[in-house]
Undergrad: 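Handing you a structure now.
Quick note: numbers below take in every heavy atom, side chains included, and nothing from hydrogens, waters or symmetry partners. Keep in mind the model is a prediction, meaning the values are calculated, not measured. We number each residue from 1, following the sequence as shown.
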Amino acid sequence: MAKAKTEIELDDDNFVEEDDTPDTDSASNSKTNLSKRRLIDNYLEERRLQKQLLDFDIEE
């Protein structure tokens, strides 16, 4: 068997530079989603504590 030698030509125009900066839209969406999640968590915690207070008052 004969070994075939082939030359590989690289076309530099086909390479695309990648951006190192994060997408600002996704960053702001993540921040907004986190803020909404914290608000929901705080609201649920407040409701849980209010229910505990009502249960405590009834038992006395």
Side-chain angles (χ1 to χ4, degrees):
M1 283 188 143
K3 293 184 181 179
K5 290 186 178 180
T6 58
E7 288 188 25
I8 300 174
E9 293 182 21
L10 296 178
D11 190 9
D12 290 337
D13 294 335
N14 290 338
F15 294 106
V16 178
E17 284 188 34
E18 293 184 21
D19 242 354
D20 289 338
T21 58
D23 190 9
T24 57
D25 289 337
S26 65
S28 65
N29 283 342
S30 296
K31 233 181 223 187
T32 302
N33 290 340
L34 183 59
S35 296
K36 287 180 182 179
R37 182 63 197 173
R38 286 182 179 160
L39 284 172
I40 292 169
D41 286 343
N42 289 341
Y43 177 72
L44 291 173
E45 179 69 12
E46 183 179 347
R47 285 185 60 193
R48 184 184 64 80
L49 291 173
Q50 287 177 350
K51 185 177 179 195
Q52 284 182 349
L53 281 174
L54 287 174
D55 290 344
F56 182 75
D57 287 341
I58 292 172
E59 291 176 6
E60 288 187 78

Undergrad: For residues 43-54, which residue pairs qualify under salt bridge (charged side-chain N to carboxylate O under 4.0 Å, His left out), counting only residues two or more places apart or in two chains?
TA: Glu45-Arg48

Undergrad: Quick one: which residue pairs count as a salt bridge (charged side-chain N to carboxylate O under 4.0 Å, His left out) with a foot in residues 26-37, not counting sequence neighbours?
TA: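 Qualifying pairs, neighbours excluded: Arg37-Asp41.
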
Undergrad: Please round to the nearest 0.5 Å and tell me the distance separating atom CG of Asn29 and atom CG of Leu34.
TA: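 If we round to the nearest 0.5 Å, Asn29:CG and Leu34:CG are 12.5 Å apart.
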
Undergrad: What verdict does the side-chain contact (heavy atoms from CB on, under 4.5 Å) test give for Leu44 and Ile40, after you've listed the backbone C-alpha separation in whole Å, the side-chain angles of each residue and the deciding distance to 0.1 Å?
TA: CA-CA 6 Å; Leu44 291 173; Ile40 292 169; 3.9 Å; yes

